[in-house]
Amino acid sequence: MTGERLQAAVAGEVLAGAEAGVGLVQSIVDVARAIFVAKAASIALVDEEAAELHFAAASGEGRDAVLGLRFPLHQGLAGSVVMTGEPLIVDDLTRDPRFARAIAEDSGYVPSAMMLAPLLHGERTLGVLSVLDRGRTDRATLQELELLVTFADQAALAVNLEAAARRAAGLLEGEGGNDAGAMARLAGVVGALEGEQRDAALRLVTALADLLKR
Amino acid sequence: MPEPAILPAWSLSIAASVPSLRADWPSSIDREWAWGDSTGRGVSVCIVDSGVEAGHPLVGELASASAVEVDGEDVRVVPDEQGDVAGHGTACAGIVRSIAPDCELHSVRVLGPTMTGRGSALVAGLEWAVDQGFDVVNLSLSTRKSHVAAALRELADRAWFARVALVASANNMAVASFPWRFASVLSVGSHDGDDPFEFHANADPPVEFFARGVDLEVAWPGGGTALSTGNSFATPHIAGITALVLERHPGLTPFELKTILYLSASNSNGAP
């Protein structure tokens with residue numbers, strides 16, 4: 001396999017990984033909604049630079065309206081969960097003045113109860129999993145909270161995988177002209193060479209690596 | 001007053017030894033002895049959180065409100081003019097007030113709308129609270145930032161020796177976070193009972209106590225309430241009960257406080 005082909009193959013796999021990550025995140029909100037017999041579920045991701053949260057996946061009521069919607073990082077119950085890193089259940093939003101009603105109204109669905117858990121990866125908070133208006137189950141509230149946290153952990157893994165795959169895809173496509181992108185391009189060029197030219201290039205790269213290691 | 005020590009503080013002339021436990025420490029402890037009809041009068045409790053809405057019907061007035069400002073490397077504690085930015089601190093303050101209605105409530109806000117500088121803000125806010133010498137500090141928060149863990153551990157130890165009872169919320173998530181895991185704090189998780197004075201000692205730490213944290217009506221900014229669940233709300237129950245004990249028995253060390261809480265827990269012999 002030539003270098004370009006190899007690079008293309010790897011890029012293809014990585015992109016497929018990113019798409020699978022998106023699918024997995026969507027699947028998690030779908031399953032969460034089903035397990036909690038909820039009207040809706042969603043995942044909003046943190047955009048640290050813009051200081052915003054944006055809905056990356058949603059299921060159930062208001063799904064189409066909510067996807068892609070952005071709101072300030074500190075706003076609403078989701079903002080509170082991002083701030084504290086702690087899961088939260090609030091069961092009477094009608095009495096809750098902090099609840100970001102405007103965001104809910106934008107989505108076309110205003111819930112009366114929410115469960116939220118942060119998506120944690122190492123030291124970072126990646127986003128928030130929200131479950132709206134859960135139905136009656138035979139689980140006690142504490143068990144509901146524990147189950148929600150388990151889903152949030154799974155969602156964090158999926159979001160992190162998807163983000164890593166996307167970053168890798170960007171590097172393989174040479175976006176941004178950064179170091180890893182340059183390495184990927186070099187690998188592609190060397191791999192595409194043949195015969196003596198290829199042998200010479202490999203000797204050069206090996207010697208360069210030895211030199212830089214000193 | 002004894003003469004100032006010439007020997008280093010970590011040596012002892014036996015002749016200068018003073019009783020370590022209170023003279024009236026009973027052979028067995030019950031809640032009547034531990035806090036009886038205390039209301040927290042004369043005991044200061046500081047809420048290190050998202051700020052507190054002063055004047056909320058369930059919170060009442062605050063003795064002081066401060067906020068940590070982070071501007072790059074510059075971290076300062078300034079008077080707070082924003083109140084509660086998330087609702088979390090007000091909820092915790094309301095619970096402390098419900099347990100210890102006459103305690104002196106203070107607030108220092110360490111949470112803000114931006115993600116950056118949170119670890120530094122937490123350390124600065126906690127350091128400020130410990131240095132103020134508040135009797136009880138409620139910390140319904142934790143951080144996963146490993147670079148501040150050492151500073152927090154040092155602060156928790158400083159609080160322990162300064163007789164500042166640091167009551168910290170265990171994280172509900174299966175992640176490493178601080179300072180609740182430190183042995184020098186009183187760490188709290190939730191149980192699903194509905195009695196605010198029911199708390200259990202945990203035989204299998206690091207979480208040391210479980211208090212009410214499920215389906216409880218908490219104060220929420222705007223003067224209202226919300227029905228809420230989380231370890232964050234269990235912690236101020238223990239902070240409030242600690243304030244009650246300190247009114248009855250001023251000057252207890254956190255070690256003695258922990259012992260009293262263990263012995264008067266609902267799953268121990270001292271429970272009613």
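Numbered from 1 within each chain, the chains take letters A, B, ... in sequence-line order. On a predicted model such as this, the values are computed, not experimentally measured, just so you know.
- When heavy atoms are compared at a cutoff of 4.5 Å, B:Ala170 approaches chain A solely by way of its backbone atoms N, CA, C and O.
- Identified by a heavy-atom distance below 4.5 Å to chain A, the contributing residues of residues 180-203 of chain B are B:Ser190, B:His191, B:Asp192, in residue-number order.
- Top candidate by heavy-atom pairs under 4.5 Å with chain A, chosen from B:Ser228, B:Gly230, B:Ser177, is B:Ser228.
- Distance check, rounded to the nearest 0.5 Å: OG of B:Ser50 to CE of A:Met83 gives 7.0 Å.
- Across all non-hydrogen atoms, the minimal contact from B:Arg118 to A:Val82 is NH1-O, 3.3 Å.
- In this structure, chain B has a heavy atom under 4.5 Å from the side chain of A:Ala152, while its backbone stays farther away.
- A side-chain donor-acceptor contact under 3.5 Å links A:Glu123 to the backbone of B:Ser146.
- B:Thr229 contributes no side-chain N or O that, together with a main-chain N or O of A:Ile89, makes up a donor-acceptor pair within less than 3.5 Å.
- Taking CG of B:Asn171 as the reference point, atom OG1 of A:Thr84 lies at 8.5 Å (rounded to 0.5 Å).
- For a heavy-atom cut-off of 4.5 Å, chain B lies close to A:Thr141, A:Leu142, A:Leu145 in residues 138-148 of chain A.
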Derivation and outcome, side-chain contact (heavy atoms from CB on, under 4.5 Å), residues A:Glu86 and B:Ser142: CA-CA 9 Å; A:Glu86 294 280 351; B:Ser142 60; 4.0 Å; yes

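- One finds the CG atom of A:Leu119 at 7.5 Å from the CE atom of B:Met173 (value rounded to the nearest 0.5 Å).
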